[in-house]
Engineer: 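Dropping a structure here in structure tokens format, bear with me for questions.
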Amino acid sequence: MLTLTGPGGIGKSRLALRLAAQVRRSFPDGVWLADLAAVEDQALLQHVVLAALEPEHDTGLPAASALTGHLRTRRLLLILDNCEHLLDGCAVMVGTLLAAAPGLHVLATSRQGLGVAGECLMTVPPLSAPEPDGSAYDTEAGRNEALELFADRAAAALGEYTPSQHGRAAALICRRLDGIPLAIELAAARLRVLTCEQILERLDNRFQLLAGGCRGALPRQQTMRAALDWSFGLCAAAEQQLWARLSVFPCSFDLEAVEAVCTDSGLAAEEVLAAVTGLVEKSVLVREDRQARYRMLETLRQYGHLWLGEGEERALRRRHRDHYRALVLRAEAEWFTAKQTQWFAILHQERPNLRTALDYCLTEEGEARAGQEMAGSLWAHRLGGGGLEEERHWLGRAIASDDTPSPSRLKALWADGWMALLRGDTGAALLRLAETRALANELGDRRAQAHVEQLDGLTALFQDDFLRAVPLLDVALTRYRAAGEPGDVWSSLFLLGLSCNLSKDPRAATFSEECLALCDAHGTEWSRTFALWLLGLQHWLKGDTRQSVDYLRQGLSTGGHTDNRLAVAQCLEVLAWARASDGHSAQAAKLLGAAQSAWERVGATLPGVGRLLHHRTECEDLLRKELGEDGFTTHVGSGAALTMEQAIAFALDKTSAKPSPAVRDAAPVLTPREHQVAVLLTQGLTDKQIAARLVVSPRTAQGHVQRILAKLGFTTRTQIAMWVQGHDQA
């Protein structure tokens, strides 16, 4: 028994019919369809199935006996379509029939599994929707499932249609409709009276727009609202209530968040797990792979929102903000601990929820200080992972929303001063410095005074004014040591080490080594990368390129580097200088291009410290001389085209390394066909080209690629190609 599950409109019935057509030859007694959608009484279930199998059966016999007798000696496929409202009856009936009829195979469609012994479940996913900002939408529709369906239904509605006519608008429609086939078909039907752009504009009111489907379809399949009303009606009361409340989450969420946000006197915390389980089983919620997180398709989320009252929605938004505010404050408190890298990953994952929480703070009356506190507390986590411009956006809004003197406002001003310097906006940084100093004096906060000294020293550092920077940072370090804040001590040690390195202060090595030792003492992997960069810079400045390269490569080897883009950019940059000093000109130019690309991803203007920029210019001049202008441009462009992972692999000289024994041992998991596909990937072939070479459908080729990625634990086709090359050499 196989049950196809998924939400309404996802295409379960159509997929079941297509599958039945393809396997028909395997069943000498045929393929039979019993549509159960209109059956409301479970007592009639077996009569309906028997009627589908044997229209002329003797009505005088009990339906159960007649059904069992009919199937006992036959080998056939029975399709039970739309079982979700008859789960108990279907489970009992199918269990009995499978036990009595060894030649029977059952294919069911349902919004949740039947729970029959031996049942296999397959969740039908949405169609793959195009990336609107990519180039897929102006290529042939056949390369994208959702766009192909839209084009097909649009052609039926208009008589003639090509995706390129309304490429981006069509792509956005498919994306916003979550790749749900029914929704896409209903939207395409509207092309009789609306343009693609007009449909797109009206998708905020999608349940009114997506009406008027095929008159021959069941009523619940003629509009998206009707399809989802059907699903909603199948849910228990607690599941319906939770479905509505979960609409407050803009993206994925975990069980802890559900319990914190969605429970009150009407829905107890102990009811949540059962309700979440029910919504997962009914295909309303999807559990994300390898994580205990859940999400709803946007269409289902908007439907749930329709069931929220105004007062309930405000309370939910407040609880949502409270939960993520607490999360941010906990992350800040544990910033300089062994959980540092873990917190970066968590906050990166929760970005949509954090945006929603911040927006609540800055649009709801009386919540501005909470917004200042949240935005200010996120500064360190934004610092390394990129998104500086977005962080400044939130800080700017938070600062402007409330000018009342408070610690939360001071934190936001100070954080924005840091961000402004990294973005190269020295004028704004000086303004924030003055505001921070005035407010710190007004509040009389000692830690705030240390923040002022540190920001002042950082500003002087960016202006190459080391005579001011070093004593200011010295004072800040002393105050932070007295306060016993290791994270603040570390950041001041780092800035002091950098200032002393660039100004040839003899204390440079002492500060740099203490900076690394503090990371090791507290297990802060993320900060450790910056400390290793500092030591790499120190050794390069004194001419020890071998030791410099060693430290910089250690920094790039540190785990969690994808969430530490600023440190990666810094390490790639100085590594390029070191390799240029050693005469590895081509490698240095490629590293320089990779570093420049990394700076752009971060959104920082570094190496913006004047003295560092001077060294960058010297490196470029040397490489132009060694490689010639054309050679320099070619190698830099090659480096700039690398992904961050590829750039790190290149910097570590791992691009030609043989795979580890653990990877080689994975070879047997590939089937001969999968290995054949993997070899073709090394030639740079697309799914369509692989399909043509192997005489299979493009979708089959795509399926092979996805299985190879899953088996080898990879995420890109390039990784597969590199693995194949390394394995074949081995």
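From a predicted model like this one, the values you see are computed outputs, not experimental measurements.
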Engineer: Mind checking whether Asp488 and His451 have side chains closer than 4.5 Å, heavy atoms only?
Structural biologist: yes

Engineer: So, Trp533 side chain and Gln570 main chain: donor-acceptor pair closer than 3.5 Å or not?
Structural biologist: yes

Engineer: Can you sort out the partners of Phe249 under ring-ring contact (aromatic ring centres under 6.0 Å, His included), two or more places apart, ordered by chain and number?
Structural biologist: Phe253, His320

Engineer: The test is side-chain contact (heavy atoms from CB on, under 4.5 Å); show your working for Val280 and Val276 and say whether it passes.
Structural biologist: CA-CA 6 Å; Val280 171; Val276 167; 4.3 Å; yes

Engineer: Salt bridge between Lys282 and Glu239, side-chain N to carboxylate O under 4.0 Å?
Structural biologist: yes

Engineer: Between Ala269 and Glu259, what is the shortest heavy-atom contact and its length?
Structural biologist: O-OE2, 4.5 Å

Engineer: Can you name the side chain to side chain contact (heavy atoms under 4.5 Å, CB included) partners of Gln454, sequence neighbours left out?
Structural biologist: Trp414, Trp418, Leu473, Ala476, Tyr480, Ser491, Ser492, Leu495

Engineer: Determine whether a donor-acceptor pair (N or O, by modelled atom type, separation under 3.5 Å) exists between the side chain of Glu453 and the backbone of Ala450.
Structural biologist: no

Engineer: Taking all heavy atoms of Glu373 and all of Lys411, pick out the closest pair and write down the distance.
Structural biologist: O-CD, 4.0 Å

Engineer: Where the side chain of Asn353 meets the backbone of Ser252, is there a donor-acceptor pair that is under 3.5 Å apart?
Structural biologist: yes

Engineer: Looking at Pro181 and Gly9, what are the two nearest heavy atoms and their distance?
Structural biologist: CD-O, 3.2 Å

Engineer: Looking at every non-hydrogen atom in both residues, tell me the closest pair between Leu443 and Pro407 and how far apart they are.
Structural biologist: CD1-N, 3.9 Å

Engineer: For the pair Glu364 (side chain) and Cys361 (backbone), establish whether a donor and an acceptor sit closer than 3.5 Å, ignoring hydrogens and angles.
Structural biologist: no

Engineer: Answer yes if the side chains of Thr404 and Ser406 hold a donor-acceptor pair under 3.5 Å, and no otherwise.
Structural biologist: no

Engineer: Please answer whether the main-chain N or O of Ala398 pairs with a side-chain N or O of Gln372 as donor and acceptor at a distance below 3.5 Å.
Structural biologist: yes

Engineer: Using a 4.5 Å cut-off on heavy atoms from C-beta on, say whether the side chain of Leu410 contacts that of Asp445.
Structural biologist: no

Engineer: Please confirm whether the backbone N or O of Pro352 pairs with a side-chain atom of Thr356, one donor and one acceptor, at under 3.5 Å?
Structural biologist: yes

Engineer: What I want to check is whether the side chains of His305 and Glu313 have a donor and an acceptor closer together than 3.5 Å.
Structural biologist: yes

Engineer: Counting only N and O atoms by type, is there a donor-acceptor contact under 3.5 Å from the side chain of Trp243 to the main-chain atoms of Tyr303?
Structural biologist: no

Engineer: Is the side chain of Glu185 donor-acceptor paired with the backbone N or O of Leu182 at a distance under 3.5 Å, no angle test?
Structural biologist: no

Engineer: Give the C-alpha distance, both sets of side-chain angles, the deciding distance and a yes or no for salt bridge (charged side-chain N to carboxylate O under 4.0 Å, His left out) between Arg293 and Glu350.
Structural biologist: CA-CA 11 Å; Arg293 291 181 68 84; Glu350 298 290 5; 2.8 Å; yes

Engineer: List the residues meeting side chain to side chain donor-acceptor pair (under 3.5 Å) with Thr478, not counting sequence neighbours, and say none if there are none.
Structural biologist: none

Engineer: Would the distance check show the side chain of Gln340 and the main-chain N or O of Trp526 forming a donor-acceptor pair, the cut-off being under 3.5 Å?
Structural biologist: yes

Engineer: Would you check if the side chain of Gln240 reaches a backbone N or O of Phe232 as a donor-acceptor pair within less than 3.5 Å?
Structural biologist: yes

Engineer: Applying side chain to side chain donor-acceptor pair (under 3.5 Å), can you list everything that pairs with Asp264, at least two apart in sequence or on another chain?
Structural biologist: Arg245

Engineer: Would one find more than 12 heavy atoms of other residues, nucleotides or ligands at under 6.0 Å from atom CZ of Arg330?
Structural biologist: yes

Engineer: Would you call Arg432-Glu435 a salt bridge at under 4.0 Å N-O?
Structural biologist: yes

Engineer: Go through the side-chain N and O atoms of Glu391 and Trp379 and say whether any donor and acceptor fall under 3.5 Å apart.
Structural biologist: no

Engineer: Output the distance between atom CG (Leu242) and atom CG (Leu279), rounded to the nearest 0.5 Å.
Structural biologist: 5.5 Å

Engineer: Checking Tyr294 now: which residues fulfil ring-ring contact (aromatic ring centres under 6.0 Å, His included) with it, not counting sequence neighbours?
Structural biologist: none

Engineer: Quick one: are Leu285 and Arg295 in side-chain contact, heavy atoms under 4.5 Å?
Structural biologist: no

Engineer: Check Asp359 with Arg355, please: is the shortest side-chain N to carboxylate O separation under 4.0 Å?
Structural biologist: no

Engineer: Could you list the residues that satisfy side chain to side chain donor-acceptor pair (under 3.5 Å) with Arg437, not counting sequence neighbours?
Structural biologist: Asp456

Engineer: Which atom pair, heavy atoms only, marks the closest approach of Met296 to Val284?
Structural biologist: CG-O, 3.3 Å

Engineer: Between Trp490 and Ser527, which heavy-atom pair has the shortest distance, and what is it?
Structural biologist: CZ2-O, 3.4 Å

Engineer: From the options Arg392, Arg409, Arg397, select the one residue that forms a salt bridge (charged side-chain N to carboxylate O under 4.0 Å, His left out) with Asp416.
Structural biologist: Arg392

